[in-house]
Amino acid sequence: MVAGIFDSYCYSFIVKTDVFKNTYLTVISLLTSCIYLLITAFVEEIAWRGFLLERLPFKKIKSVLFVGAVWAVWHIPMWIIRNSLGMEQIVCLCIWTLLVSVVLGITYYQCRNILLIAIMHATFNICYLAPIQYNIVVLAIIIFVGILLYKKSTKNPCRRSL
C-alpha cells in the first residue's frame with residue numbers, strides 16, 4: 001500500500017498534477033469505496049484463489065500464472081465497456097493484472113487466508129492511481145525484492161514455518 005501511494009505521489013510530482021484531487025472528494029467517499037472494493041475483492045478471491053487456484057493440477061507457479069492469465073482476460077470486457085480503454089492500456093493492464101495475481105497467488109500459498117488476499121487485492125485497487133505503466137514497474141520491483149527476500153529466508157534452516 002505504501003509503495004502504491006508513494007508511486008502515485010511521485011507521478012503527481014513529476015507531471016505536476018494531483019491524481020488524488022478528483023478521486024476521493026470526501027472521507028465518506030473514500031470509506032465507501034474501500035468497503036465496496038473489499039467486498040468485491042473478497043468475492044473475487046473466493047473464486048480465483050480459493051476455488052480455481054486450489055483445483056488446478058499444475059505446479060504452484062504454473063497455477064499462479066494460469067490464474068493470472070485467466071483473471072486478466074476476465075477483466076478485458078470491463079476495461080473495454082466500462083472504462084473505454086484502448087489496446088495499449090489493455091495490454092498494460094493485462095501485465096499489471098498478471099503481476100498482481102502472482103503476488104496474490106504466492107501469498108495465498110504461503111498463508112491460505114482469503115481475507116488477507118482480499119485485503120491485498122482491495123489495496124491494489126484503491127492505492128494505484130498513477131497510470132498503469134508506472135505501477136507495473138513498481139509492482140515488478142516489489143515482486144523481485146519479495147523473491148530475493150524469500151530465497152534468503154529459505155536458506156536459513158532455523159526459519160520458522162508459517
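The basis for the numbers below is simple: all heavy atoms, side chains too, and nothing from hydrogens, waters or symmetry mates.
- With sequence neighbours excluded, the residues forming a side-chain contact (heavy atoms from CB on, under 4.5 Å) with L38 are A118, I119, A122, listed by chain and number.
- How far OH of Y109 is from CD1 of I61: 9.0 Å, rounded to the nearest 0.5 Å.
- With rounding to the nearest 0.5 angstrom, the CD1 atom of I117 is 11.5 Å from the CZ atom of F42.
- In terms of the side-chain contact (heavy atoms from CB on, under 4.5 Å) criterion, residue partners of Y36 (sequence neighbours excluded) are, by chain and number, T40.
- A distance of 11.5 Å separates CD1 of I80 from CD of Q89, quoted to the nearest 0.5 Å.
- Screening residues 61-74 for salt bridge (charged side-chain N to carboxylate O under 4.0 Å, His left out), with sequence neighbours left out, gives no hits.
- Residue V43 is not grouped with residue L115 when hydrophobic side chains (ILVMFWY) are merged at heavy-atom distances under 4.5 angstrom, including chains of intermediate members.
- Checked against ring-ring contact (aromatic ring centres under 6.0 Å, His included), F66 has the following partners two or more places apart in sequence or in another chain: F58.
- Heavy atoms only, all atoms of each residue included: L93 and L85 are closest at CD1-CD1, 3.2 Å.
- Among pairs with a residue in residues 51-60, those fulfilling salt bridge (charged side-chain N to carboxylate O under 4.0 Å, His left out) read E54-R112, at least two apart in sequence or across chains.
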Could you give the side-chain donor-acceptor pairs of residues 44-52 under 3.5 Å, partners two or more places apart or in another chain?
residue: E44; atom: OE1; partner: W71; partner atom: NE1; Å: 2.8
residue: E45; atom: OE1; partner: R49; partner atom: NE; Å: 2.6
residue: E45; atom: OE1; partner: R49; partner atom: NH2; Å: 3.2
residue: E45; atom: OE2; partner: R49; partner atom: NH2; Å: 3.0
residue: E45; atom: OE2; partner: H121; partner atom: ND1; Å: 2.5
residue: R49; atom: NH1; partner: S101; partner atom: OG; Å: 2.8

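- Criterion: ILVMFWY side-chain heavy atoms under 4.5 Å apart, direct or through other members. Under it, V103 and L56 are part of a common hydrophobic cluster.
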>> As a quick check of understanding, evaluate side chain to side chain contact (heavy atoms under 4.5 Å, CB included) for Y108 and V64, giving each step before the final call.
In response: CA-CA 10 Å; Y108 176 75; V64 166; over 6 Å; no
